[in-house]
Amino acid sequence: MVESEIGRPEGDEYTPFYAAYIARVSERDILGVLARQSEETRAALGSVPDGRAGWRYAPGKWTIREIVGHLADVERIFAYRALRIARGDRTPLAGFDENAYVPASGADARPLAELVEELAAVRQATLTLFRGLTPAAWQRRGTANGAPISVRALAYIIPGHERHHLEVLRTRYGVTGGETTRR
């Protein structure tokens with residue numbers, strides 16, 4: 001698949017809720033963004049001492065470990081949505097409650113390094129899926145959480161969502177390193 005064949009998603013391919021995530025990805029090479037981001041995220045999270053991974057910047061906020069678990073969960077769900085839609089499945093896909101998923105994940109009881117490796121494995125699977133899509137599959141649209149969504153919008157939402165949380169990790173948790181580059 002040639003990057004120019006993928007293109008950026010148009011505004012009618014996703015709901016306004018996702019616009020901020022998509023706006024965080026200015027690059028055209030979405031597969032390159034996904035590949036580079038995995039390494040950048042590993043570098044940033046590799047700088048977090050184990051003793052700090054369970055820290056919350058305020059009561060009721062997620063720990064660093066919970067954020068990493070959340071990133072893996074959300075990427076799996078969005079990649080699954082992309083798979084279903086890319087394969088022409090017209091079945092409306094259910095939404096999910098990330099606030100219910102986080103405590104149920106048990107991420108806060110796991111070592112941060114294990115969660116980082118899981119996130120990297122999820123990203124590798126996502127990249128493998130996206131690299132194998134046909135030009136027609138990239139253009140397909142479906143319904144998720146009662147709203148329209150396209151395969152290419154999901155491909156942009158995934159790194160945009162991660163960039164959002166990495167910024168939170170930097171500004172609220174003091175995580176440094178692994179700066180996101182935009183090319």
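In what follows, residues are counted from 1 in the order of the sequence shown.
In the hydrophobic clustering of ILVMFWY residues, with side-chain heavy atoms under 4.5 Å counting as a link, Val33 and Val122 come out apart. The same ILVMFWY cluster, assembled from side-chain heavy atoms under 4.5 Å apart, contains both Tyr173 and Leu112. Hydrophobic clustering (ILVMFWY, side-chain heavy atoms < 4.5 Å, transitive): Trp62 and Leu166 are in one cluster. Cluster membership check: Leu119 shares its hydrophobic cluster with Leu169, using side-chain heavy-atom separations under 4.5 Å among Ile, Leu, Val, Met, Phe, Trp and Tyr. Leu34 is connected to Leu129 through a chain of hydrophobic side-chain contacts under 4.5 Å among Ile, Leu, Val, Met, Phe, Trp and Tyr, so both are in one cluster.
Side-chain contact between Ile158 and Phe130 is present, with heavy atoms from C-beta onward closer than 4.5 Å. At a threshold of 4.5 Å between non-hydrogen side-chain atoms, the residues Asp89 and Leu83 do not count as touching. You'll find the side chain of Tyr14 stays beyond 4.5 Å of the side chain of Tyr156, heavy atoms only. Within the 4.5 Å cutoff, no side-chain heavy atoms of Asp50 are placed close to those of Pro111. Residues Arg36 and Leu31 have side chains not in contact (no heavy-atom distance under 4.5 Å, counting atoms from C-beta outward). At a threshold of 4.5 Å between non-hydrogen side-chain atoms, the residues Thr143 and Arg90 do not count as touching. Contact annotation: the side chain of Glu118 approaches that of Arg76 to within less than 4.5 Å [non-hydrogen atoms, C-beta and beyond].
Note that CG of Leu133 and CZ of Arg140 are 9.0 Å apart. Values are rounded to the nearest 0.5 Å.
Inspection of the Glu162 and Thr41 side chains reveals an N or O donor paired with an N or O acceptor under 3.5 Å. Side chain to side chain, Tyr80 and Arg84 meet the donor-acceptor criterion of an N or O pair below 3.5 Å.
Nearest heavy-atom pair across Ile30 and Pro159 is CD1-CG, 3.8 Å. In this structure, Arg81 and Ala94 approach most closely via the heavy-atom pair NH2-O, 3.2 Å. Taking both residues in full, the closest heavy atoms of Pro103 and Ala100 are given as CD-O, 3.5 Å, listed atom of the first, atom of the second, then distance. Shortest non-hydrogen contact noted between Val48 and Arg52 is CG1-CB, 4.2 Å. Counting all heavy atoms, side chain and backbone alike, Arg141 lies closest to Ser150 at CG-CB, 3.9 Å. The two residues Ala44 and Val175 have their closest heavy-atom pair at O-CG1, 3.4 Å.
Taking the six-membered ring where the residue is Trp, the centroids of His164 and Tyr21 are separated by under 6.0 Å.
Within the 3.5 Å criterion, the main-chain N or O of Gly69 finds no donor-acceptor partner in the side chain of Arg110. Of the possible polar contacts, none joining the Arg87 side chain to the Ala82 backbone as a donor-acceptor pair under 3.5 Å is found. A distance-only check finds a donor-acceptor pair linking the side chain of Ser47 to the backbone of Thr176 [under 3.5 Å]. When atom types are taken as modelled, the side chain of Arg152 and the backbone of Ile6 share a donor-acceptor pair closer than 3.5 angstrom. With hydrogens and angles ignored, the 3.5 Å screen pairs no side-chain donor or acceptor of Asn145 with any backbone N or O of Ala147. The backbone N or O of Asp108 lies less than 3.5 Å from a partner atom in the side chain of Arg65, making a donor-acceptor pair.
Counting heavy atoms of neighbouring residues, nucleotides and ligands inside a 6.0 Å radius, atom CG of Asp97 exceeds 12 of them.
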Report the C-alpha separation of Tyr18 and Phe78 in whole Å, then their side-chain angles, then the decisive distance to 0.1 Å, and conclude whether the side-chain contact (heavy atoms from CB on, under 4.5 Å) test is met.
CA-CA 12 Å; Tyr18 293 118; Phe78 288 165; 3.9 Å; yes
Chi angles and distances behind the side-chain contact (heavy atoms from CB on, under 4.5 Å) call for Ile85, Leu154
CA-CA 10 Å; Ile85 296 166; Leu154 287 159; 4.2 Å; yes
Report the C-alpha distance between Trp55 and Thr63 in whole Å, list the side-chain angles of each, state the deciding distance to 0.1 Å, and finish with yes or no for side-chain contact (heavy atoms from CB on, under 4.5 Å).
CA-CA 5 Å; Trp55 184 74; Thr63 67; over 6 Å; no
Working for side-chain contact (heavy atoms from CB on, under 4.5 Å), residues Arg24 and His161
CA-CA 8 Å; Arg24 288 179 176 272; His161 175 256; over 6 Å; no
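Note on Glu66 versus Arg56: salt bridge recorded, some NZ/NE/NH1/NH2 to OD/OE distance being below 4.0 Å. No salt bridge links Arg123 with Glu117; every basic N to acidic carboxylate O contact stays at or beyond 4.0 Å.
Between Phe96 and Tyr101, the angle of the ring planes lies from 30° to 60°, which puts this pair in the tilted group.
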